[in-house]
Amino acid sequence: MKITAVEILRLRGPAPERPSWYRQSRPLAHYPQHAPTSRWQSRSADPGVQEADYLQIRAGDHLGLYGPVDRPASTVVTNELRDFLIGKDPRAIAIVWDQMNRRDRHSRSSYPMMAISAVDNALWDLAGRLHGVPVYELLGGPRAATVEAYASTLGTSLDEGAAEDRARALADAGFAHQKWFFAYGPGDGPSGMAANVDLARRLRTAVGEDVELMFDAFMSWNLPYAREWLRRAGQFRPYWLEEPLPPDQLEATATLNRESEVPISAGEHLYGRWEAQRYLAAEAVSILQSDPEWCGGVSELVRICTVGSLHGVPVIPHGHGIRAALHGVASQPPSICPRVEYLLEFMPFKLHFEQAIPTPVDGRITLGPEPGFGIAFDESRIDDIRTL
């Protein structure tokens with residue numbers, strides 16, 4: 001069996017209602033002229049149109065499908081990887097992964113690794129379709145019929161009253177873990193810090209002690225700022241503080257994790273097991289959040305889980321997408337991968353062109369029996385499919 005075609009399918013159709021968007025602290029906000037806004041930043045020239053790229057790999061009559069794939073990674077696939085992949089055995093997933101990683105000096109990170117991730121996930125989907133089983137079975141799972149999801153609230157209002165109501169509603173819907181995103185960083189001065197601390201207080205008061213609350217700073221803080229927030233907000237028992245510092249600041253992150261009683265989490269912007277190992281060896285994180293759509297695919301996520309287990313650090317994948325992360329988590333013991341992230345506002349929007357989008361019910365996602373990752377398009381939502 002040989003790969004005969006590597007194609008990007010660009011889907012286009014009427015856009016659904018866009019998710020709400022509220023101010024979020026971002027790394028560039030250290031510059032006042034780049035302070036975050038409270039508006040949706042569309043990546044489409046026409047806000048009434050939705051587009052999404054999917055990678056399709058063919059091997060004769062067999063195919064593998066994965067997406068959506070970020071546009072820059074799609075470009076790497078078509079310009080750099082397509083010709084390299086033609087003629088290779090799609091069943092030799094580990095060999096193909098290693099060859100893609102070795103073929104270019106820049107493969108180890110950023111869009112090249114995201115492109116490798118897309119190819120890896122599409123090959124797993126092809127293998128699942130070939131054998132007529134879900135990917136989680138090929139990986140050795142499932143451990144149970146459902147996987148716990150935590151509620152990731154990006155795009156949710158942080159206004160007083162609105163955030164509390166949302167947190168209580170999520171708890172009532174079965175989400176025992178909720179992640180909230182800060183609106184402010186060092187560039188916003190003492191009032192921004194006070195608002196960030198007050199967010200933790202308001203949410204803890206709203207949900208009581210039975211719900212775990214996580215907080216994401218999206219790489220936008222610095223070490224003194226993170227220390228101050230932890231000193232003032234620790235009494236509200238955060239379950240973790242996520243990515244308070246940029247990922248290149250390994251030593252500072254390790255210092256913070258050693259000092260803090262609140263676990264520090266990170267990993268979505270680390271690429272491959274080698275970067276994950278450096279963070280783990282430095283004791284820089286207490287929870288690792290590798291993303292199988294960025295770190296090297298579900299193949300690399302499983303390897304990272306092994307590395308994490310050696311350090312006693314759980315892997316809770318970042319939720320840029322849901323399918324690869326869900327199947328990866330379902331194949332691992334709960335001590336290694338206890339749950340998966342679910343972006344409540346964005347996942348239905350992102351997977352708009354798909355049928356049967358995985359959705360939590362009572363805080364858990366039921367694993368489907370469909371072969372591969374179970375991706376199937378909803379033709380009624382698609383006006384045009386271009387093959388690139």
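The basis for the numbers below is simple: all heavy atoms, side chains too, and nothing from hydrogens, waters or symmetry mates.
The one candidate from Asp210, Leu203, Thr205, Val211 that meets the side chain to side chain contact (heavy atoms under 4.5 Å, CB included) condition with Val207 is Val211.
By the 30° and 60° cut-offs, the orientation of the rings of Trp221 relative to Trp229 is tilted. Using a 30° and 60° split on the angle between ring planes, His320 and His318 fall in the parallel class, below 30°.
With no hydrogens or angles considered, no side-chain donor-acceptor pair links His311 and Glu283 at under 3.5 Å. Side-chain contact check for Arg381 and His352: at least one donor-acceptor pair (N or O, by modelled atom type) lies under 3.5 Å. Of the N and O atoms on the side chains of Glu7 and Thr387, not one donor lies less than 3.5 Å from an acceptor on the other residue. A donor and an acceptor atom, one from each side chain of Glu354 and Tyr54, are located under 3.5 Å apart. A side-chain donor-acceptor contact under 3.5 Å links Glu148 and His177.
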Evaluation steps, salt bridge (charged side-chain N to carboxylate O under 4.0 Å, His left out), between Arg12 and Asp384: CA-CA 5 Å; Arg12 183 180 176 91; Asp384 179 63; over 6 Å; no
Criterion side-chain contact (heavy atoms from CB on, under 4.5 Å) on Leu343 and Glu341, from CA distance to verdict: CA-CA 7 Å; Leu343 283 156; Glu341 179 177 13; 4.1 Å; yes
Audit row: Glu345, Leu154, side-chain contact (heavy atoms from CB on, under 4.5 Å) steps and yes/no: CA-CA 7 Å; Glu345 301 290 334; Leu154 183 63; over 6 Å; no
Worked verdict on Arg204 versus Gln235 for side-chain contact (heavy atoms from CB on, under 4.5 Å): CA-CA 10 Å; Arg204 177 56 67 205; Gln235 61 182 308; over 6 Å; no
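Using a 4.5 Å heavy-atom threshold, the side chains of Pro14 and Asp383 count as touching. You'll find the side chain of Arg201 reaches within 4.5 Å of the side chain of Phe236, heavy atoms only. Between His30 and Pro186 the shortest side-chain heavy-atom distance falls below 4.5 Å. Residues Phe353 and Ile385 are not in side-chain contact: their nearest non-hydrogen atoms beyond the backbone lie 4.5 Å or more apart.
Taking NE2 of His62 as the reference point, atom CD1 of Ile3 lies at 13.0 Å (rounded to 0.5 Å). Here the straight-line distance linking atom OG of Ser117 with atom CD of Glu300 works out to 8.5 Å at 0.5 Å rounding.
Both tests do not hold together for Arg202 against Trp180: distance to the six-membered ring centre under 6.0 Å, angle to the ring axis within 45°.
Crowding of Tyr111 atom OH: a count of heavy atoms from other residues, nucleotides or ligands under 6.0 Å not exceeding 12. Atom CZ of Arg108 is surrounded by 12 or fewer heavy atoms from other residues, nucleotides or ligands within 6.0 Å.
For Phe218 and Phe181, the ring centers are positioned 6.0 Å apart or more. Aromatic pair Trp124/His327: centroids not less than 6.0 angstrom apart. A centroid separation of 6.0 Å or more is found between the aromatic rings of Tyr342 and Phe175.
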